[in-house]
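Structure record follows, encoded as structure tokens.
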Amino acid sequence: MADGFVAWHHERMKLVFSAEVRRAKQAGRPLVALETSVLAQGLPYPRNLEAAARCEAAVRRAGATPAAIAVIGGALHVGLDEAQTRALAKGTGLLKLGSRDLAIAVAQRRTGGTTVSATCELAARAGISVFATGGLGGVHRGVAEDLDISQDLPAIARWPVAVVCAGAKSVLDLPKTLELLETLGVPVIGVGTNELPGFYSRETGLALEHRVEDASGAAKVLNARRALGQGGLVFAVPPPEETALPRAEVERHLKGALALAKQRGISGKAATPFLLGELVRRTKGRTLEANLALLENNARFAGALAVAAQEG
Ligand code: PSU
Ligand code: MN
């Protein structure tokens with residue numbers, strides 16, 4: 001379907017906008033969507049709250065309005081207040097919501113953080129075309145055995161949203177993730193780099209075909225993609241130098257973490273949070289600092305992109 005919606009014969013569920021996001025929409029000011037699975041599952045309390053505050057501040061400094069997306073008691077929220085953010089950061093038993101989980105969360109009035117797939121979907125519904133996250137989900141290592149491929153990838157292809165990230169998460173099979181993005185017709189554009197960034201590390205050795213130098217170059221591509229009526233695209237921003245880890249070191253720790261996951265039978269949805277947590281432990285918190293810094297950096301770039309896209 002041209003607009004990306006399946007034609008169910010039913011009234012579409014309403015979004016709940018925060019007062020700030022509603023005002024920004026009415027005034028036509030640029031908005032940046034933020035995911036909340038990183039809050040509910042990806043980072044430990046209270047550093048997750050700090051991450052949310054740093055991302056929102058970075059978007060604001062760039063001149064845009066942050067719109068964190070989550071499902072609370074079955075309602076689809078776009079823009080969260082402090083109490084809602086805190087509840088997602090502190091809560092236990094919160095759902096990790098990909099697109100396929102949204103209907104269940106709505107019907108059963110559940111609460112959870114949205115991953116990249118659900119955030120792209122709800123951002124598109126809200127008319128927000130720029131979204132900042134940490135790292136994409138993608139094709140997991142050992143995919144030949146377990147067929148674990150994140151729904152992030154088809155969701156980005158489907159929903160017309162620019163996803164700003166530091167590449168795909170280091171725990172993945174990055175060459176296969178890039179191949180699948182190509183198959184899905186999703187452009188991956190390096191920001192000031194010819195190489196796919198490696199989330200915790202700046203380098204991967206994987207060449208990207210296309211690059212832009214800055215937010216204004218990125219905005220031109222985003223606006224062309226929009227004018228073509230195509231789906232989402234990915235802007236890959238290298239993580240900040242001061243906190244990035246050497247790739248070889250991440251790989252070394254990852255080997256141990258992957259072996260432990262296998263031994264404990266941890267797979268599916270639990271795999272990503274487990275592996276990220278193990279890496280934090282094994283690097284004595286250095287991957288945690290890197291994660292916070294890259295989230296903030298991506299939010300800053302997404303803010304600048306949202307502003308430039310509107311001016312262009
Ligand atoms: N990046 C992070 N922490 C996270 C995630 C990404 O730094 O927790 C989340 C994102 O929400 C992403 C999800 O969409 O992990 C992917 O999970 P899976 O591999 O199960 O699809
Ligand atoms: Mn998965």
Side-chain angles (χ1 to χ4, degrees), residues 4-6 8 12-13 15-16 33-43 48 52 67-78 80 88-89 91-126 128 131-143 146-165 167-169 171-173 176-177 180-181 183-184 186 199 231-234 261 266-277 291 295 298:
F5 295 119
V6 180
W8 292 106
R12 309 253 320 282
M13 183 166 181
L15 302 174
V16 181
L34 299 169
E35 64 145 303
T36 48
S37 175
V38 66
L39 206 60
Q41 284 87 28
L43 296 171
N48 54 1
I69 291 181
V71 181
I72 301 174
L76 308 174
H77 283 263
V78 180
L80 303 177
L88 281 169
T92 47
L94 296 168
L95 298 181
K96 175 177 165 181
L97 300 170
S99 278
R100 79 162 182 160
D101 309 301
L102 287 175
I104 293 110
V106 165
Q108 301 179 353
R109 300 188 200 282
R110 310 275 294 273
T111 296
T114 53
T115 69
V116 169
S117 63
T119 310
C120 281
E121 174 171 353
L122 295 175
R125 275 271 315 266
I128 300 174
F131 160 34
T133 181
L136 303 182
V139 181
H140 281 255
R141 300 181 190 199
V143 65
D146 54 28
L147 207 68
D148 188 351
I149 301 172
S150 176
Q151 49 179 322
D152 288 2
L153 302 187
I156 295 167
R158 178 172 181 187
W159 306 105
V161 174
V163 183
V164 177
C165 62
K169 275 168 300 185
V171 305
L172 300 169
D173 184 325
K176 289 194 179 71
T177 300
L180 186 50
L181 283 164
T183 302
L184 291 165
V186 175
F199 190 59
L233 69 170
V234 173
I266 292 163
S267 65
K269 256 184 161 166
T272 295
F274 175 79
L275 292 171
L276 295 180
N291 205 339
L295 280 162
N298 294 344

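In this text, all values refer to a predicted model and were calculated from it rather than measured experimentally.
- Atom-to-atom distance recorded for L76:CG and L15:CG is 6.0 Å, nearest 0.5 angstrom.
- Residues meeting the salt bridge (Lys or Arg N to Asp or Glu O under 4.0 Å) test with R141, sequence neighbours left out: E251.
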Criterion side chain to side chain contact (heavy atoms under 4.5 Å, CB included) on F131 and V116, from CA distance to verdict: CA-CA 9 Å; F131 160 34; V116 169; 3.8 Å; yes

Review item, side-chain donor-acceptor pairs of residues 267-277, under 3.5 Å, at least two apart:
| unit_1 | atom_1 | unit_2 | atom_2 | d |
| --- | --- | --- | --- | --- |
| K269 | NZ | K96 | O | 2.7 |
| K269 | NZ | D101 | OD1 | 3.4 |
| K269 | NZ | D101 | OD2 | 3.1 |

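- For A168 against T177, the heavy-atom pair with the smallest separation is CB-CG2, 4.1 Å.
- With a 4.5 Å cut-off on side-chain heavy atoms, F199 and N291 count as touching.
- Atom OG of S37 and atom CG of N48 lie 11.0 Å apart (nearest 0.5 Å).
- Using a 4.5 Å heavy-atom cutoff, the side chains of L136 and V234 are in contact.
- Closest approach of P154 and L184 over heavy atoms only: N-CD1, 3.8 Å.
- Among residues two or more places apart in sequence or in another chain, the side-chain contact (heavy atoms from CB on, under 4.5 Å) test is passed with A123 by A33, I69, I128, V161.
- Across all their heavy atoms, G232 and V186 have their closest contact at O-CG1, 4.0 Å.
- A distance of 13.5 Å separates CZ of R158 from CD1 of I156, quoted to the nearest 0.5 Å.
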Residues L95, V71; criterion side chain to side chain contact (heavy atoms under 4.5 Å, CB included); working and verdict: CA-CA 9 Å; L95 298 181; V71 181; over 6 Å; no

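- A pairwise comparison of heavy atoms in G73 and T111 identifies N-OG1, 2.8 Å as the closest pair.
- Atom CG of L153 sits about 8.5 Å away from atom CG of L172, to the nearest 0.5 Å.
- Of all heavy-atom pairs between L88 and G113, the closest is CD2-N, 4.2 Å.
- Here D148 pairs with nothing under the side-chain hydrogen bond (donor to acceptor under 3.5 Å, both in side chains) rule; sequence neighbours left out.
- Put simply, the side chain of V163 reaches to within 4.5 Å of the side chain of C120, judged on heavy atoms.
- Applying the side-chain contact (heavy atoms from CB on, under 4.5 Å) test to S117 and every residue at least two apart in sequence or in another chain returns S99, T115, Q151, D152, A155.
- With sequence neighbours excluded, the residues that form a side-chain hydrogen bond (donor to acceptor under 3.5 Å, both in side chains) with T133 are E35.
- Residues A70 and G112 come closest through the heavy atom pair CB-O, 3.7 Å.
- Here the NZ atom belonging to K176 is positioned 12.5 Å from the OG1 atom belonging to T183, to the nearest 0.5 angstrom.
- No side-chain heavy atom of L94 sits less than 4.5 Å from a side-chain heavy atom of T36.
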